[in-house]
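Let me begin by presenting the structure, written as structure tokens, before commenting on it.
Note on naming: letters A, B, ... go to the chains in the order of the sequence lines (proteins, then strands), and numbering restarts at 1 for each one.
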Amino acid sequence: MDIKIIFPDKSERTFPAGVTAGEAIGAWKKDALASSVAAKVNGMSVDLSFSMKEDATLETIAISSKEGLSILRHSISHVMAQAVQDVFKGAKVAIGPSIEDGFYYDFEYSETFTLDDFEKIEKRMKEIVAADYPFVREEIPRPKAVELFAGRGESYKVELINDLPEDVTVVSLYKDGDYIELCRGPHIPSTGKIKAFKLLSVAGAYWRGDERNKMLQRIYGTGFADEQALADYLTLLEESKKRDHRRLGKELDLFQVNEEAGAGLVIFHPKGMLLRYLIEEWERKEHLKRGYDMVMGPQILKVDLWKKSGHFDHYRENMYFTEVDEQTYGIKPMNCLAHMLIYKSKIRSYRDLPLRYFELGTVHRHEKTGVLHGLLRVRQFTQDDAHILCRPDQLNSEIRAIADFVNYAMGIFGFEYEVELSTRPENSIGSDADWELATQALENALKDNNINYEVNEGDGAFYGPKIDFKLKDALKRKWQCATIQCDFTLPERFDLSYIGADGEKHRPVMLHRVILGAVERFMGVLIEHYAGAFPVWLSPTQCILLTVTDKHIPYAEKVQEQLLAAGIRSETYFDNEKLGYKIRQAQLQKIPYMLVIGDKEMDAGTVAPRARDGQNLGALPVDQFIALVQDMCEKKK
RNA sequence: GCCGAUGUAGCUCAGCUGGUAGAGCAACUGAUUCGUAAUCAGUAGGUCCCCGGUUCAAAUCCGGGCAUCGGCUCCA
């Protein structure tokens with residue numbers, strides 16, 4: 001097989017697959033020393049970096065590129081489907097795409113696949129790979145394809161073909177050996193090119209992602225260009241699991257989710273609560289700096305108010321209710337209502353706007369049991385919520401200010417994020433015109449600020465469209481944190497108004513927004529982000545005093561007094577253990593500084609800090625160490 | 001809510017086809033007083049997730065719950 005490369009200067013050359021990147025670059029330009037050579041290899045964008053991939057052949061490079069891997073994995077999913085159907089007669093295939101880190105294939109089968117079945121399937125897959133069947137593309141008329149798959153009992157494939165747009169008259173098939181599959185392609189040249197794959201898990205998944213449909217069995221797997229890359233990926237997966245916030249929450253004694261208390265209800269332990277307090281205090285200050293007013297509403301409000309807002313009609317299944325004295329109350333799932341009542345408490349002038357009401361508002365939502373997940377998806381959580389009531393002409397600048405706020409906050413914690421614009425869902429309230437206006441307002445603000453975003457059709461809140469900011473957890477699952485929602489409906493339902501310059505009543509617009517989202521969720525993502533090794537300003541324990549022997553305790557106690565007086569979060573560890581043991585324990589707790597106290601320190605009146613990364617800072621006078629920690633807190637390091 | 005797996009000491013886990021529970025770490029006690037990731041010895045610790053059933057006998061088998069994990073759907 002030959003491989004065509006388009007070099008950065010657009011020149012094209014063809015090489016045999018076994019040629020190395022170094023040789024290819026050399027042939028293109030003898031003196032190419034660039035650390036990155038962005039080229040197209042068989043149409044796929046690849047960094048033909050000379051230094052990094054010198055020894056890799058063009059074939060490996062082509063497969064290792066993002067597009068290449070996606071094609072490889074898609075081909076492996078075909079081989080898996082083929083193997084499953086060989087081993088388990090009567091299994092029906094649905095769809096099997098490549099995904100971010102691998103691939104899956106959905107099957108309908110009378111028996112449940114187990115992890116033990118993976119061995120059989122993988123064995124058959126290896127035989128198919130060894131046979132090195134070429135993937136052959138074939139195009140046939142649509143009716144013939146329906147006939148073909150109907151004849152094989154592949155009802156899902158028939159449904160897929162029938163749902164193609166009417167102008168599609170020909171469909172493509174891919175064959176490898178005597179196996180035929182409906183597929184758009186492309187595929188790798190032959191099954192023999194598959195060098196490394198592994199089946200990972202099996203799970204249920206609804207046909208076409210709709211819970212009204214039948215549930216199929218989905219087998220997940222992954223594949224790479226070579227065994228080493230696969231091994232590296234599996235190691236990475238193991239490493240990621242070590243930073244799972246549920247595991248770290250236990251190891252660092254931050255929180256628990258207790259079965260006796262109830263599913264999805266978090267209990268914060270002292271250190272977890274301290275971390276939470278630090279985040280919340282930072283947030284309050286940042287909000288005050290930005291012209292927000294702090295407010296607070298009640299946990300329960302009369303059910304009639306929820307009827308008025310539309311929550312009762314559209315959100316009831318997720319709400320908790322309580323009845324006292326023949327009066328039904330809704331436990332708030334959102335914080336907006338009290339804020340509406342604050343706005344309505346007096347007549348507002350156009351000069352008063354915008355009004356920005358901020359509340360660390362605790363809400364309860366009855367989430368389905370199957371979706372609960374550590375701190376990331378819970379039933380009681382606290383939003384850093386604000387409602388901004390403004391004039392329509394202020395909308396753009398308010399949205400811009402929020403986007404800046406989010407960007408600033410993410411920068412403080414070192415997060416990268418993705419932005420999505422979510423539009424009108426099926427179950428929604430409000431007029432078409434308002435939805436159009438609100439969606440435009442959000443979109444314009446994004447465009448004006450040159451923010452890259454993707455559109456997420458039909459994913460908005462029931463009362464308005466929204467801009468979502470998403471963070472990734474350790475296992476690359478995306479979680480929504482910040483969100484900005486534009487709402488014309490609630491001001492209408494509550495008949496909010498302000499007196500304009502013209503002396504007439506006007507309707508304000510409302511923005512719902514959160515910056516971190518839910519404090520619980522943000523903490524979960526944060527724990528994973530830092531792998532539990534929080535920056536000094538967020539560390540529940542900033543330093544720990546480790547004595548070498550018992551005779552150093554009195555001096556250490558004096559140092560501890562000084563540290564606490566200076567506001568440093570310091571712990572003591574005076575147990576009768578060797579220093580090495582205490583260092584190890586402190587290290588496992590990921591405490592930023594371990595202060596060793598022995599004869600030298602006692603005599604000189606110093607402390608000997610050892611940083612979490614293993615670095616020894618040498619002997620420091622206590623006040624100098626205090627200054628160091630305070631400086632790091634100041635700079636949010 | 002749906003599909004599947006799992007639930008044993010504070011933690012991580014072992015306990016084969018039913019015969020009445022075990023290890024390491026942690027805790028406690030004692031010895032040791034030690035300089036940058038685990039000192040030694042001993043002691044104590046369990047409604048085997050809960051409720052019911054089968055059985056002479058259930059951690060083990062069956063049924064029903066609850067919870068957790070991996071997904072799907074949904075969501076901050």
Side-chain angles (χ1 to χ4, degrees), chain A residues 104 106 112-115 200-220 241 244 246-247 250-251 253 256-264 315 317-318 333-335 361 363 365-379 381-385 422 425 427 459 461 466 468-471 475 477 479-483 485 512-522 524-525 546-553 575-588 594-601 608-612 614-616:
Chain A
Y104 68 77
D106 288 346
T112 302
F113 297 132
T114 66
L115 292 181
L200 296 173
S201 61
V202 59
Y206 299 107
W207 166 236
R208 299 199 142 179
D210 190 326
E211 65 181 330
R212 288 165 297 198
N213 288 340
K214 190 176 172 66
M215 183 159 267
L216 307 172
Q217 298 188 64
R218 174 170 297 178
I219 299 180
Y220 285 90
K241 283 184 184 155
D244 189 310
R246 292 165 297 188
R247 179 179 174 147
K250 205 173 264 177
E251 287 174 4
D253 198 13
Q256 63 173 306
V257 182
N258 190 306
E259 184 176 338
E260 281 184 89
Y315 208 72
E317 305 77 56
N318 284 300
M334 298 182 191
N335 302 301
V363 296
R365 296 184 187 175
H366 185 260
E367 303 290 348
K368 293 173 179 177
T369 52
V371 307
L372 302 173
H373 183 103
L375 290 182
L376 299 182
R377 192 78 184 271
V378 294
R379 284 179 169 162
F381 56 100
T382 300
Q383 298 178 299
D384 56 338
D385 206 359
S422 297
N427 175 17
D459 216 26
K466 55 181 185 168
D468 293 329
F469 299 76
K470 300 201 169 175
L471 300 180
L475 296 172
R477 291 176 287 215
W479 296 93
Q480 182 177 318
C481 289
T483 166
Q485 307 175 351
H512 309 243
R513 51 106 282 193
V514 289
I515 302 297
L516 306 182
V519 178
E520 288 78 0
R521 174 177 290 181
F522 189 76
V525 180
L546 310 179
T547 43
V548 178
T549 74
D550 289 352
K551 70 176 176 193
H552 305 116
I553 293 177
D575 287 17
N576 177 10
E577 289 287 352
K578 288 187 169 179
L579 183 60
Y581 180 85
K582 296 187 192 182
I583 296 267
R584 180 182 152 78
Q585 296 305 319
Q587 196 72 44
L588 291 173
M594 292 152 241
L595 303 184
V596 175
I597 308 242
D599 285 342
K600 279 182 278 180
E601 291 71 27
R610 176 196 203 271
R612 187 160 54 185
Q615 204 189 346
N616 270 317

Nucleotide of B/C74, B/C34, B/U36 approaching A/Lys578 most closely (side-chain heavy atoms) | B/C34

When the distance from CG of A/Leu546 to C1' of B/U33 is rounded to whole Å, what number comes out?
-> 15 Å

Taking atom P in both B/A9 and B/C72, what distance in whole Å separates the two?
-> 31 Å

Is there a side-chain polar atom (N or O) of A/His552 under 4.0 Å from OP1 or OP2 of B/G35?
-> no

NZ on A/Lys368 to CZ on A/Arg377, rounded to 0.5 Å | 9.5 Å

Scoring nucleotides 59-68 of chain B by protein non-hydrogen atoms under 4.0 Å (B base, S sugar-phosphate only, - none) yields -------BSS

Taking N or O atoms only and anything under 3.5 Å, show me the protein contacts with nucleotides 40-46 of chain B, one pair per line.
none

For A/Gln480, answer base if it contacts any base atom (sugar-phosphate contacts may also be present), sugar-phosphate if it contacts only those atoms, and nothing otherwise; contact means non-hydrogen atoms under 4.0 Å.
-> sugar-phosphate

Pair A/Asp210 + A/Arg208, salt bridge at N-O below 4.0 Å = no

Where the side chain of A/Tyr581 is defined as all heavy atoms beyond and including C-beta, which of B/A27, B/G71, B/A37 is the nearest nucleotide?
-> B/A27

Which value, rounded to the nearest 0.5 Å, describes the distance between A/Ile597 atom CD1 and A/Thr547 atom OG1?
-> 8.0 Å

Should A/Val596 and A/Ile583 count as side-chain neighbours, where that means a heavy-atom distance under 4.5 Å?
-> yes

Between CE of A/Met594 and P of B/G35 the distance, given in whole Å, is 18 Å

Considering only B/A37, B/A76, B/U36, which nucleotide approaches the side chain of A/Val378 most closely?
-> B/A76

Under 3.5 Å on both distances, the Watson-Crick or G-U partner of B/U54 | none

In terms of the nearest nucleotide of RNA chain B, which residue is placed more toward the 5' end: A/Phe469 or A/Asp244?
-> A/Asp244

With sugar-phosphate meaning primed atoms plus P, OP1 and OP2, does A/Lys241 contact a base, only sugar-phosphate, or nothing at under 4.0 Å between heavy atoms?
-> nothing

Nearest whole angstrom, please: distance from the C1' of B/C2 to the NZ of A/Lys368.
-> 9 Å

Student check: side-chain heavy atoms of A/Arg584 and A/Glu577 closer than 4.5 Å = no

Compare the minimum distances between each of B/U36, B/A76, B/C72 and the side chain of A/Ala205, then state the nucleotide with the smallest one.
-> B/C72

Expressed in whole Å, how much space separates the P atoms belonging to B/C69 and B/G18?
-> 32 Å

Select base, sugar-phosphate, or nothing to describe what A/Gly598 touches, counting heavy atoms under 4.0 Å on all strands.
-> base

Aromatic stack A/Phe381/B/A76: centroid gap under 5.5 Å, interplanar angle under 30° | yes

If we only count heavy atoms from C-beta on, is the A/Gln383 to A/Val363 side-chain gap below 4.5 Å?
-> yes

When we call it a touch if two heavy atoms are under 4.0 Å apart, what does A/Arg612 touch: a base, just sugar-phosphate, or nothing?
-> nothing

Can a salt bridge be assigned to the pair A/Lys551 and A/Asp599 using a cut-off of 4.0 Å between side-chain N and carboxylate O?
-> yes

Given B/A76, B/C2, B/G35, which nucleotide is nearest the side-chain atoms of A/Arg377?
-> B/A76

With a 4.0 Å cut-off on heavy atoms, is A/Asp385 in touch with a base, just the backbone sugar-phosphate, or nothing at all?
-> nothing

Of the listed B/U33, B/A76, B/G70, the closest approach to the A/Thr483 side chain comes from B/A76

Below 4.0 angstrom from OP1 or OP2 of B/G71, is there any side-chain N or O of A/Arg477?
-> yes

Tell me what A/Val371 touches on the nucleic acid: a base, only sugar-phosphate, or nothing, going by heavy atoms under 4.0 Å.
-> base

Starting at atom NZ of A/Lys214, determine the distance to atom C1' of B/C72, rounded to an integer number of angstrom.
-> 15 Å

If you measure from the C1' atom in B/U47 to the same atom in B/G7, how many Å do you get, rounded?
-> 15 Å

Which one, B/G1, B/G4, B/C2, comes nearest to the side chain of A/Thr112?
-> B/G4

Separation of atom CD in A/Glu367 from atom P in B/U73, rounded to whole Å = 15 Å

Rounded distance in Å - NZ (A/Lys466) to C1' (B/C74) | 11 Å

Student check: side-chain heavy atoms of A/Glu317 and A/His366 closer than 4.5 Å | no

Given that both distances must come in under 3.5 Å, which nucleotide forms a Watson-Crick or G-U wobble pair with B/G46?
-> none

Could you tell me whether the side chain of A/Glu601 has a donor or acceptor atom within less than 3.5 Å of a complementary atom in the base of B/G35?
-> yes

Rounded distance in Å between the P positions of B/U68 and B/A27 = 29 Å

Any side-chain heavy atom of A/Gln587 within less than 4.5 Å of one from A/Arg610?
-> yes

So, do A/Phe381 and A/Arg365 sit near enough that their side-chain heavy atoms are less than 4.5 Å apart?
-> yes

Remember a base hit wins even if backbone is also touched, and classify A/Asn258 as base, sugar-phosphate or nothing at under 4.0 Å, heavy atoms.
-> nothing

Nearest-angstrom distance from the residue atom CG of A/Asp550 to P of B/A31 | 12 Å

So what's B/A41 paired with, Watson-Crick or G-U wobble, going by both distances under 3.5 Å?
-> B/U29

At under 4.0 Å, does any side-chain N or O of A/Arg610 touch on OP1 or OP2 of B/A37?
-> yes

Side chains of A/Met334 and A/His512 in contact at under 4.5 Å (non-hydrogen atoms) = no

Picking from B/C75, B/G35, B/C2, the nucleotide nearest the side-chain atoms of A/Leu579 would be B/G35

Contact class for A/Gly370 (heavy atom, under 4.0 Å): base, sugar-phosphate, or nothing?
-> base

Atom C1', compared across B/G10 and B/C28: separation rounded to whole Å | 13 Å

Looking for any heavy atom pair under 4.0 Å, which part of the strands does A/Glu317 touch: base, sugar-phosphate only, or nothing?
-> nothing

Between A/Phe113 and A/Ser201, which has a closest nucleotide on RNA chain B that is more 5'?
-> A/Phe113

Please confirm whether any donor atom in the side chain of A/Arg521 sits under 3.5 Å from an acceptor in the base of B/C75, or the reverse.
-> yes

Pick the C1' atom in B/G52 and in B/C11, then give their distance to the nearest Å.
-> 32 Å

Opposite nucleotide pairing with B/C34, Watson-Crick or G-U, both atom distances under 3.5 Å = none

Nucleotide forming a Watson-Crick or wobble pair with B/A9, both distances under 3.5 Å | none

Has the side chain of A/Tyr206 got a donor or acceptor atom sitting under 3.5 Å from an opposite partner on the base of B/G71?
-> no

B/U60 pairs with which nucleotide, Watson-Crick or G-U wobble, both distances below 3.5 Å?
-> none

Separation of the P atoms in B/G53 and B/C16, to the nearest angstrom | 25 Å

Expressed in angstrom and rounded to an integer, what is the separation of A/Asn213 atom CG from B/U73 atom C1'?
-> 11 Å

For A/Tyr104, answer base if it contacts any base atom (sugar-phosphate contacts may also be present), sugar-phosphate if it contacts only those atoms, and nothing otherwise; contact means non-hydrogen atoms under 4.0 Å.
-> nothing

Would you call A/Leu471 and A/Phe469 a side-chain contact if the rule is heavy atoms closer than 4.5 Å?
-> no

Look for any protein N or O under 3.5 Å of an N or O in nucleotides 12-17 of chain B and output each such pair with its distance, or none.
none

